[in-house]
Protein chains: 2
Amino acid sequence: MLNIHPLWGTSCVQGSCLAGRLNALAVLTNGEQAALARIEERTRTLRRGATLQREHDAVAECYIACRGTLMSSVLLDDGSRQILAFLYPGDLVAFPNLVYRAAPETVSALTDAVVAPLDRPTFAGLLQDHPRLVALMLASQQIERVELTDRLAAVGRTSAKARVGALLLEIRNRLRVLDGTGVKSFSLGLTQEEIGDATGLTAVHVNRMLRQLEEEGMIAREAGRLTILDERALQRAANYSDRRAGLELDWLPQGR
Amino acid sequence: MLNIHPLWGTSCVQGSCLAGRLNALAVLTNGEQAALARIEERTRTLRRGATLQREHDAVAECYIACRGTLMSSVLLDDGSRQILAFLYPGDLVAFPNLVYRAAPETVSALTDAVVAPLDRPTFAGLLQDHPRLVALMLASQQIERVELTDRLAAVGRTSAKARVGALLLEIRNRLRVLDGTGVKSFSLGLTQEEIGDATGLTAVHVNRMLRQLEEEGMIAREAGRLTILDERALQRAANYSDRRAGLELDWLPQGR
DNA sequence: CGGCCGCTTGAGGTCCATCAAGTCAGGTGG
DNA sequence: CCACCTGACTTGATGGACCTCAAGCGGCCG
């Protein structure tokens with residue numbers, strides 16, 4: 001039996017996780033939802049720790065994350081790793097595959113996970129039948145881009161404590177959007193080494209930073225669960241700004 | 001093949017810089033080229049050092065870079081800056097503006113520059129009349145995304161020397177694509193402080209790294225011009241891999 | 001000429017990496 | 001049941017990469 005974390009596709013609409021995501025940007029038509037649902041009929045299941053694709057693999061399709069958590073990363077030739085993104089249901093996974101012959105990044109499953117392949121012919125069909133969906137995907141990519149640049153700024157210009165704090169807040173916010181609640185306590189689902197690989201730190205130093213955040217009363221930890229005690233202080237320490245507000249997409253033309 | 005100076009020449013096709021860029025991904029139809037040319041009829045000129053938009057500004061349009069060099073950056077509240085990207089003719093500038101109400105990044109001109117605004121209604125029209133162009137923009141964004149993740153990995157996981165070297169190689173390659181030549185000598189057009197802000201270093205340390213690269217015979221500097229003497233060695237020192245090869249977009253449907 | 005900006009170079013300090021133990025929980029096999 | 005292993009976490013000591021501060025230099029421009 002698969003153990004799917006954090007949530008079964010609660011954000012899925014009409015059987016499509018991507019529809020759930022895009023629906024938050026613009027209200028989808030029935031035709032659009034049906035088209036997305038058809039794509040996600042065919043799925044692929046991954047065990048926790050499994051690798052969906054490795055860098056430099058020959059690839060011709062990307063994926064839609066349906067259940068579980070995944071991550072994308074790159075390996076440097078000294079053996080160190082940089083985690084680029086954590087992927088949750090509704091996210092587009094390995095999207096650059098549509099453009100590159102060889103995968104630019106590795107994707108692996110942090111928990112048992114389900115993805116739906118989206119190959120080039122399907123994407124081309126989508127472009128012809130439902131061009132607005134492609135525009136919405138492009139919009140979704142912009143949001144991901146801003147997340148990437150925020151992380152770049154954090155890694156390039158902020159302290160270790162700030163980077164760790166920002167990652168905690170980002171993950172908490174993503175989980176919150178998924179399950180719709182305002183929980184302050186959640187299971188991180190990452191080892192300290194993974195936190196380090198995402199923030200450009202060593203696992204040892206991540207540990208010290210978590211301890212420091214704990215000693216300063218911003219977070220609490222117990223049995224793998226993490227509680228944000230003083231969100232305001234943590235946001236200040238982390239230079240964190242949530243950008244989820246301030247989206248505007250009602251100017252797009254009607255869909256089909 | 002056009003052969004033009006990067007800063008003031010035009011890699012523009014039929015009067016459109018973006019067409020020049022997208023044309024490298026898939027051969028554009030006359031209709032598509034005309035549509036892009038129409039967009040770039042209206043332009044905006046920026047003096048060197050001018051700011052096109054500041055973070056948090058209310059924005060409703062993005063831009064196409066037509067001439068000169070620009071950069072996008074974010075400011076942190078301790079006053080430090082992270083440069084996110086350098087922008088050359090044909091690049092999409094501030095694309096997230098189409099999705100966000102408030103600009104997520106600052107854009108300013110490194111040289112005198114020309115941009116063409118692309119507002120939401122125009123984009124919406126493009127989506128209806130030439131959906132394939134939107135797909136090509138999405139493809140172009142994937143390439144930019146991979147550049148961003150490469151830089152994230154560099155900043156997070158490589159030494160100062162490697163980061164500076166990688167930036168030099170990246171800029172050289174971009175200039176080379178623009179003017180089509182194989183010159184090894186070029187004018188960087190950046191202060192050492194700007195190099196630092198792009199790589200997550202201080203200007204002082206950038207200086208030392210440049211000196212070191214020079215002493216090791218990989219580069220030469222004179223009067224603001226930079227020459228790559230030993231490209232192989234520099235690539236090794238910088239962990240650099242050019243990803244420009246390996247693109248594949250012939251699977252897209254015909255354009256109109 | 002003076003002022004400013006960018007570059008250069010040195011000295012000293014800090015943040016984070018590295019190395020090295022050691023704890024603890026869970027799993028496995030006897 | 002205990003012995004043993006493994007993986008993640010913890011903690012200390014040490015060192016190095018990079019930052020900070022400071023001063024001097026040269027070119028450019030009013």
Side-chain angles (χ1 to χ4, degrees), chain A residues 3 48-49 71 76 78-83 108 110-111 154-168 187-216 219-226 237-239, chain B residues 47-49 71 76 78-83 108 110-111 154-168 187-216 219-226 237-239:
Chain A
N3 172 21
R48 169 194 168 114
M71 67 173 184
L76 286 81
D78 66 348
S80 62
R81 176 176 67 169
Q82 176 69 48
I83 294 178
S108 46
L110 284 168
T111 67
V155 171
R157 287 301 190 200
T158 73
S159 71
K161 186 157 65 154
R163 290 183 232 172
V164 172
L167 186 63
L168 298 183
S187 146
L188 199 47
L190 297 178
T191 67
Q192 293 179 357
E193 183 174 3
E194 285 161 345
I195 298 176
D197 285 344
T199 52
L201 299 168
T202 59
V204 172
H205 205 58
V206 167
N207 183 293
R208 286 192 240 268
M209 293 304 101
L210 286 172
R211 170 150 313 281
Q212 207 171 318
L213 290 173
E214 192 172 25
E215 277 168 4
E216 292 171 6
I219 64 173
R221 293 178 299 157
E222 24 156 2
R225 289 192 71 78
L226 197 141
N239 268 96
Chain B
R47 296 231 144 266
R48 169 194 167 114
M71 67 173 183
L76 284 79
D78 66 348
S80 62
R81 176 177 67 168
Q82 176 70 46
I83 294 179
S108 46
L110 285 169
T111 66
V155 171
R157 286 301 189 200
T158 73
S159 70
K161 186 156 66 152
R163 290 183 233 172
V164 172
L167 185 63
L168 298 183
S187 146
L188 198 48
L190 297 178
T191 67
Q192 293 180 355
E193 184 173 3
E194 284 161 346
I195 298 176
D197 285 343
T199 53
L201 300 168
T202 59
V204 172
H205 205 59
V206 167
N207 183 292
R208 287 192 240 266
M209 293 303 100
L210 286 172
R211 169 151 314 283
Q212 209 172 316
L213 291 172
E214 193 172 24
E215 278 167 3
E216 293 171 5
I219 63 172
R221 296 178 296 157
E222 24 154 2
R225 289 191 73 76
L226 197 141
N239 269 94

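Lettering of chains follows the sequences in order, A, B, ..., and the numbering in each one begins at 1.
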Could you please name the option among [options] that lies closest to any side-chain atom of [X]?
X: Gln192(A); options: dC7(C), dT10(D), dT9(C); answer: dT10(D)
X: Thr191(A); options: dT20(D), dT11(D), dA8(D); answer: dA8(D)
X: Ala160(A); options: dC16(C), dC9(D), dT8(C); answer: dC16(C)
X: His205(B); options: dC18(D), dA20(C), dT9(C); answer: dC18(D)
X: Arg211(A); options: dT10(D), dC9(D), dT9(C); answer: dT10(D)
X: Thr202(B); options: dT20(D), dC7(C), dT18(C); answer: dT20(D)
X: Ser159(B); options: dC18(D), dA17(C), dT10(D); answer: dC18(D)

>> Quick check on Glu222(B): does its CD atom have over 12 non-hydrogen neighbours (other residues, nucleotides or ligands) under 6.0 Å away?
In response: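 Count not over threshold, so no.
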> Do Arg208(B) side-chain and dT20(D) base share a donor-acceptor contact under 3.5 Å?
Replying inline: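 Donor-acceptor pair under 3.5 Å: yes.
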Rounded to whole Å, please give me the gap between [atom1] in [X] and [atom2] in [N].
X: Ile195(A); N: dC9(D); atom1: CD1; atom2: C1'; value: 11 Å
X: Leu210(A); N: dC9(D); atom1: CG; atom2: C1'; value: 10 Å
X: Glu215(A); N: dT10(D); atom1: CD; atom2: P; value: 12 Å
X: Arg163(A); N: dA17(C); atom1: CZ; atom2: C1'; value: 12 Å

> On DNA chain D, nearest-nucleotide positions of Arg157(A) versus Glu193(A): which is more 5'?
Replying inline: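 In this pair, the answer is Glu193(A).
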> CG of Leu201(B) to CG of Leu167(B): how many Å apart, nearest 0.5 Å?
Replying inline: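 It is 10.0 Å, given to the nearest 0.5 Å.
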